Amino acid sequence: MFLKIKSPNFIDRLSFEINQTHNSLLKAVLKDDHGSICSELSKELGGFGRQLLDWDGLNELPYGVYTLEVSQGDDEMKMRCVKRI
């Protein structure tokens, strides 16, 4: 899995670009700076090649720094994101 976040800064949604090599379940968790889970996303991805995914509904999160943890099978990635005004 190759994941690219469109922008590390977000307001109400995160947009991803995923290079899909096999069908599997994508799981994403957004944690605040204390390590608490603030939002979760699970999505069954099918097909191969580049896919775009929008994670909507993040408008109610407080402003601040978050850690995005994305896993697909045995692959896992972590990235820092900032929710801003």
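For clarity, every value in this text was computed on a predicted model and none was experimentally measured.
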For D54, look at atom CG and say whether over 12 heavy atoms of other residues, nucleotides or ligands are found less than 6.0 Å away.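 Yes, the 6.0 Å shell around CG holds more than 12 heavy atoms from other groups.
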E60, CD atom: more than 12 neighbouring heavy atoms under 6.0 Å: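 Not more than 12 within 6.0 Å, no.
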Could you see if [X] belongs to whatever hydrophobic cluster contains [Y]? Use Ile, Leu, Val, Met, Phe, Trp, Tyr and a side-chain cutoff under 4.5 Å.
X: L61; Y: W55; value: yes
X: F16; Y: M77; value: yes
X: V29; Y: L53; value: no

How far does [atom1] of [X] sit from [atom2] of [Y], to the nearest 0.5 angstrom?
X: L26; Y: S42; atom1: CG; atom2: OG; answer: 8.0 Å
X: E44; Y: S24; atom1: CD; atom2: OG; answer: 7.0 Å
X: R50; Y: N19; atom1: CZ; atom2: CG; answer: 9.5 Å
X: I5; Y: E17; atom1: CD1; atom2: CD; answer: 12.0 Å
X: L30; Y: T67; atom1: CG; atom2: OG1; answer: 8.0 Å
X: L52; Y: S15; atom1: CG; atom2: OG; answer: 8.0 Å

Please name the pair of heavy atoms, one in S7 and one in L14, separated by the smallest distance, quoted to 0.1 Å.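 In terms of heavy atoms, the two residues are closest at O-CD2, 4.2 Å.
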Can a donor-acceptor pair be found, under 3.5 Å and without considering hydrogens, that links the side chain of K83 to the backbone of I11?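 Looks like yes, one N/O pair under 3.5 Å.
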Can you list the steps and then say if V70 with E76 is a side-chain contact (heavy atoms from CB on, under 4.5 Å)? CA-CA 6 Å; V70 180; E76 186 174 306; over 6 Å; no
Side chains of L45 and Q51: closer than 4.5 Å at any heavy-atom pair?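 When only atoms from C-beta onward are counted, Q51 and L45 do touch, with a gap below 4.5 Å.
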Begin from the C-alpha positions of L58 and F10 and carry the test side-chain contact (heavy atoms from CB on, under 4.5 Å) through to its verdict. CA-CA 9 Å; L58 302 176; F10 68 97; 4.0 Å; yes
Is the shortest side-chain N to carboxylate O distance from E40 to K27 below 4.0 Å?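 No salt bridge links E40 with K27.
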